[in-house]
Amino acid sequence: MSDFATRLIAWQQEDGRHGLPWQVADGYRVWLSEVMLQQTQVTTVLDYYPRFLAQFPTIFDLAAAPLDDVLALWSGLGYYTRARNLHKCAQAVVTQYGGEFPRDPALVAELPGIGRSTAAAITAFSYGTRAAILDGNVKRVLTRWAGIDGYPGVKAVENKLWGLAHALLPAEQIEAYTQGLMDLGATVCTPKKPTCLTCPMNADCQARLSNRQGELPTPKPKKTVPEKSTVMLIIRNDAGQILLEKRPPTGIWGGLWSLPEVESTLIASELAAQQLGLKIELEPALPDFVHVFTHYKLTITPQPAYAIAVSALHESNAQWFNIDAALAAGIPTPIRKILSKTPK
DNA sequence: AAGGCGGGGCG
DNA sequence: CGCCCAGCCTT
């Protein structure tokens with residue numbers, strides 16, 4: 001039987017994914033796709049990626065753009081730190097490296113938003129650099145194939161996996177090999193119901209031999225998620241516009257436009273007057289809905305209101321938007337949900 | 001309702 | 001370092 005890499009490369013060429021728009025030897029395109037794919041499924045990225053490239057055809061265009069434009073294109077993808085780092089990284093690559101990513105993965109990993117695995121993917125696909133990736137797909141493939149117990153987020157387990165990932169690297173055809181690892185994890189060695197019968201590693205996969213595919217990788221220890229609630233004000237003015245506030249640059253929905261929030265509807269009017277400098281009249285609240293994050297549950301009460309006395313706004317980070325303009329701005333998903341139901 | 005998915009930043 | 005933070009989508 002041929003070794004791991006030989007089998008994987010042969011499998012990739014025959015049965016792997018081909019023709020994805022970012023399968024090109026171009027640092028900018030590979031980097032953009034890798035950052036989008038960090039927390040997002042391929043099918044979603046296939047939707048966002050071409051729009052993004054159309055507006056920013058080169059890394060120079062991205063570096064020169066206002067952050068707000070980048071966030072607007074990122075709207076709905078989540079983990080908005082990625083968009084801010086993407087923008088910073090483009091500027092760094094332009095100023096430090098003349099617009100081209102370095103060939104050394106260690107240098108690439110110094111850039112904002114790029115860690116060891118993403119750096120390896122960028123250099124492997126762009127330059128054929130011999131560097132090991134270790135993303136979620138690879139962790140799953142390797143823990144199963146080698147029968148490695150323990151949650152991969154634990155340092156000792158992760159170190160073991162990096163060592164194995166490096167040891168398995170072939171001398172050449174890094175691109176097909178790296179793509180093969182990703183493809184195998186995404187299409188065969190899936191989290192649930194892996195299709196081991198078609199897997200090129202099935203003959204010596206430790207998980208399969210011991211029938212432990214369902215137990216590996218060892219799952220993350222669970223924690224109880226806190227529940228929070230908030231009231232979101234949908235304040236209209238005479239012109240039918242809506243008031244949005246820009247959130248602070250870090251923390252949840254950092255840098256995005258969002259609805260003003262108060263803790264309860266009872267004090268909404270007072271707080272609006274105080275914080276925004278607006279006199280408002282509350283309308284009946286809309287039904288609550290729950291937005292679930294991994295780390296907490298947020299119950300949102302949408303509270304429509306009408307601004308009766310509009311003077312200059314207190315806050316420089318608050319602004320009136322037409323609904324269409326708001327929907328085109330960088331806004332988080334629940335806000336989009338509320339605004340798309342708001343009549344124009 | 002739960003699981004999956006990399007990297008940054010803080011103490 | 002270890003630990004916490006962060007937002008979607010799919011199952």
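Just so we're clear, the structure is a prediction, and the values are computed from it rather than from any experiment. Order of the sequence lines sets the chain letters (A, B, ...), proteins ahead of strands, with each chain counted from 1.
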Does NZ or CZ of Arg51(A) come closer than 6.0 Å to the centre of the six-membered ring of Tyr48(A), within 45° of the ring's axis? yes

Rounded interatomic separation in angstrom, taking [atom1] from [X] and [atom2] from [N]:
X: Glu110(A); N: dG6(B); atom1: CD; atom2: P; result: 20 Å
X: Gln39(A); N: dG8(B); atom1: CD; atom2: P; result: 11 Å
X: Ile133(A); N: dG7(B); atom1: CD1; atom2: P; result: 11 Å
X: Lys192(A); N: dG3(B); atom1: NZ; atom2: P; result: 7 Å
X: Arg82(A); N: dC8(C); atom1: CZ; atom2: C1'; result: 8 Å
X: Gln41(A); N: dT11(C); atom1: CD; atom2: P; result: 8 Å
X: Leu37(A); N: dC5(B); atom1: CG; atom2: P; result: 12 Å
X: Met36(A); N: dC8(C); atom1: CE; atom2: P; result: 15 Å

Is there a side-chain contact between [X] and the phosphate of [N], meaning an N or O under 4.0 Å from OP1 or OP2?
X: Tyr80(A); N: dC8(C); answer: yes
X: Thr118(A); N: dG7(B); answer: yes
X: Arg140(A); N: dC5(B); answer: yes
X: Thr81(A); N: dG8(B); answer: no

I'd like to know whether the aromatic ring centres of Trp145(A) and Phe4(A) sit less than 6.0 Å apart in this structure.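 Yes.
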
Any chance the side chains of Thr123(A) and Arg130(A) put a donor and an acceptor closer than 3.5 Å? no

Under a 3.5 Å cut-off for both distances, is dG6(B) Watson-Crick or wobble paired, and to whom?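 dG6(B) is paired with nothing.
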
Would you call Glu261(A) and Arg247(A) a salt bridge, taking side-chain N to carboxylate O under 4.0 Å as the test? yes

Pair Asp204(A) + Arg7(A): basic N to acidic O under 4.0 Å: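 Salt bridge flag = yes for Arg7(A) with Asp204(A).
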
On DNA chain C, nearest-nucleotide positions of Ile331(A) versus Lys155(A): which is more 5'? Lys155(A)

Is the ring pair Trp22(A)/Tyr49(A) parallel, tilted or perpendicular, if the boundaries are 30 and 60 degrees?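 Geometry flag for Tyr49(A) against Trp22(A): perpendicular rings.
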
Tell me what [X] touches on the nucleic acid: a base, only sugar-phosphate, or nothing, going by heavy atoms under 4.0 Å.
X: Gly254(A); result: nothing
X: Thr333(A); result: sugar-phosphate
X: Pro112(A); result: sugar-phosphate
X: Leu111(A); result: sugar-phosphate

Among dC8(C), dG6(B), dG4(B), which nucleotide has an atom closest to any side-chain atom of Gln38(A)?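 Selected nucleotide (nearest to the side chain): dG6(B).
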
Identify, between Pro219(A) and Asn85(A), the residue whose nearest nucleotide on DNA chain B lies closer to the 5' end.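 This one resolves to Pro219(A).
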
For Gly113(A) and Asn137(A), find the nucleotide of DNA chain B closest to each by heavy atoms; which residue's nucleotide sits nearer the 5' end? Asn137(A)

